[in-house]
Amino acid sequence: MIDVRLLRNDPAVVRAALARRGKPDLLEQLEHAISLDARLRDIMLERDALRQQVNGLSKEVGALRKAGDTAAEEVMAKSRALGDAETGLAAETEQVELALRDVLLRIPNLPHPDAPNGASDHDNPLVSGPHHLPTQFADHQKVPHWEIGAALGILDNERAVKISGAMFTMQRGLGATLSRALCQYALDSNADEFEEVRPPTLVTSATLTATGQLPKFADDAFFIERDDLWCIPTAEVPLTSLYAGEVLNEAQLPAKMMAYSPCYRREAGSAGRDTRGMLRSHEFDKVEILAVATPEQSPDLLQEMVKRAEKLISGLGLPYRIIEICTGDMGQSHHRSFDIEVYAPGCDAWLEVSSVSWFADYQARRADIRFKRGTQKGTEIAHTLNGSALAVPRVWAAIMENNRQADGSVRIPDVLLPYMRGTTHIVPKSE
RNA sequence: GGAACGGUGGCAGAGCGGCCGAAUGCACCUGUCUUGAAAACAGGAGACCUGCAAGGGUCCGCAGGUUCAAAUCCUGCUCGUUCCGCCA
């Protein structure tokens, strides 16, 4: 959520910042929020004045009663009348409050001043790279991973579909081992600074609202109606809410955490896209890194987290590049955001394998994560940042295609060897 | 799933419908004392909204209800503990 007070005191700044996202209807929502806020403060003032009177009268009644004064009855009647008026105003206040909250929850975050302007993903500037990109690929590398996986007997999507329906994948044998190896690798590489967490993967609506998926993007998530729980689309969701509703001490920040989790996505808007192979599916594995921080710590943390994600991809020896997300392509909650893309010669495509973002106080305000500076009075809203350390399926696919040898085998990147039980190459099953 | 009990400030823990934003202890902060600290003593100190401020309002798990007045009474929910049942 954006800060209502900023909207109230400096609407021009908010308008200008949101205008950069290039969605005209946003500005209408802003005006709506501004007028609701003004109205809310008016009636709250009225309501509080009434409450003050009622409170005062009630005290009087108490005193009169004690003194045995019959005037108490009169005062009670007066108070009752005021109380009725207060009830009406209170109901209205509540209504306006809810309406305002609903509008605010749907307004996206303000882009960082340094975030590049742009209308769509075509305008995302290149930050670094391409790295490790050979001048040309051999023919044996220009085979899509779904063909490689099938030939090696390590990808069995047909049976995944039999079990669970379209857009589910299944890895078998060394394919499954490779998936797990990637997770281990990502976790081990960040264990120096990040606490490993194994969070719940079913969460409440409140939790899913904190990170920004609700109320606007309910269609993108799996919902278990009977128990009123949602399947997480990323470990960002439970990790962000880990400190929800708490006041942290400044000394606890930055709190750095990481988690492996399955991720569940309905992919409602993309039916039919990327249906082959492992580029898009309803369930996949990911290792996420996340930090809760002070505003001052955040810029450096953002850079650090991009570096960490880059190091993982680079360590695998895959061709990659880093781009920055422009204002028109930014996600709802993002303040500033970088993507790492890996080139897959079989698909002939740059695949987004990691996204590192700074949310400023947008998520923390929704989640009510605050911190206290030293012995200073009062609290401040914290900042949150997170990034995929490693999203398994697309990296898995890129390894298949980039590392395919002339003999049809796939070479395991060196950094994964410790997790592969001695396997250096995945070779076709000889039958 | 069934039953019993419970949810009060950073923690522990009192609280007759009005004198309760809430005793007390610990922890914390500031002073006095001390070379410094500890101890002792004195004082201070919650969060949120609104307001330039003074002030006002809200918050005792959550939501309703009763009442002139609710931490306190009633209802529903939720979470926790324990016991039973079930179970990897």
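Order of the sequence lines sets the chain letters (A, B, ...), proteins ahead of strands, with each chain counted from 1.
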Discussion item. Within the 4.0 Å limit for protein heavy atoms, which parts of nucleotides 46-53 of chain B are touched? Write it as a string from 5' to 3', B for base, S for sugar-phosphate only, - for none.
Written reply: SSSSSS--
Worksheet item: Does Pro299(A) reach the side chain of Trp358(A), with side-chain heavy atoms less than 4.5 Å apart?
Response: yes
Flag if over 12 foreign heavy atoms under 6.0 Å of [atom1], [X]:
X	atom1	result
Arg411(A)	CZ	yes
Arg106(A)	CZ	yes
Lys23(A)	NZ	yes

Considering every strand shown, what is the Watson-Crick or G-U wobble mate of [N] when both distances are under 3.5 Å?
N	result
A47(B)	U58(B)
G85(B)	none
G80(B)	C5(B)
C11(B)	G25(B)
U67(B)	none

Discussion item. If you assign Arg47(A) and Lys59(A) each to the RNA chain B nucleotide with the nearest heavy atom, which residue ends up on the more 5' nucleotide?
Written reply: Lys59(A)
Discussion item. Reading RNA chain B from 5' onward, which residue's closest nucleotide shows up sooner: Ser58(A) or Ala49(A)?
Written reply: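 Mapping each residue to its closest nucleotide by heavy atoms, the 5'-most match is Ser58(A).
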Discussion item. Please report whether the ring centroid of His334(A) lies less than 6.0 Å from that of Phe359(A).
Written reply: yes
Item to complete: List in numerical order all residues of residues 96-107 of chain A for which some heavy atom is under 4.0 Å away from an atom belonging to RNA chain B.
Response: none
Sugar-phosphate, base or nothing in reach of [X], heavy atoms under 4.0 Å:
X	answer
Glu94(A)	sugar-phosphate
Val75(A)	nothing
Ser79(A)	sugar-phosphate

For atom [atom1], what is the distance between [N] and [M], given to the nearest Å?
N	M	atom1	answer
G76(B)	G6(B)	P	16 Å
U8(B)	G25(B)	C1'	16 Å
A63(B)	C28(B)	P	34 Å
C74(B)	C86(B)	C1'	35 Å
G44(B)	U24(B)	P	12 Å
G85(B)	A3(B)	C1'	11 Å
G80(B)	C87(B)	P	23 Å
A70(B)	G17(B)	C1'	6 Å

Provide, to the nearest angstrom, the distance between the [atom1] atom belonging to [X] and the [atom2] atom belonging to [N].
X	N	atom1	atom2	value
Leu64(A)	A69(B)	CG	C1'	13 Å
Asp227(A)	C79(B)	CG	P	11 Å
Gln252(A)	G10(B)	CD	P	14 Å
Met76(A)	U66(B)	CE	P	15 Å
Leu248(A)	G10(B)	CG	P	13 Å
Glu246(A)	C11(B)	CD	P	10 Å
Asn55(A)	U67(B)	CG	C1'	14 Å
Ile43(A)	G57(B)	CD1	C1'	14 Å

Looking at [Y] and [X], is there a salt bridge between them, counting it only when a charged N and a carboxylate O are closer than 4.0 Å?
X	Y	result
Glu147(A)	Arg404(A)	no
Arg80(A)	Asp84(A)	no
Arg265(A)	Glu267(A)	no

Discussion item. Side chains of Asp339(A) and Ser355(A): any donor to acceptor distance under 3.5 Å?
Written reply: yes
Discussion item. Between Gln363(A) and Thr384(A), is there a side-chain donor-acceptor contact under 3.5 Å, judged purely by atom types and distance?
Written reply: yes
Discussion item. Going by the rule side chain to side chain donor-acceptor pair (under 3.5 Å), which residues pair with Asp368(A) if we only count those two or more places apart in sequence or in a different chain?
Written reply: Arg370(A)
Practice prompt. Output all residues satisfying side chain to side chain donor-acceptor pair (under 3.5 Å) with Glu324(A), sequence neighbours left out; order by chain, then residue number.
Written response: Arg336(A)
Polar atom pairs (N or O), protein with nucleotides 71-75 of chain B, under 3.5 Å:
none

Discussion item. So, OP1 or OP2 of G57(B): does either fall under 4.0 Å of a side-chain N or O from Arg51(A)?
Written reply: no
Side-chain polar contacts of residues 196-203 of chain A - donor-acceptor pairs under 3.5 angstrom, sequence neighbours left out - could you list them?
none

Worksheet, complete the sentence: Between Trp146(A) and Leu155(A), the two heavy atoms sitting closest are CA-CD2, 3.9 Å
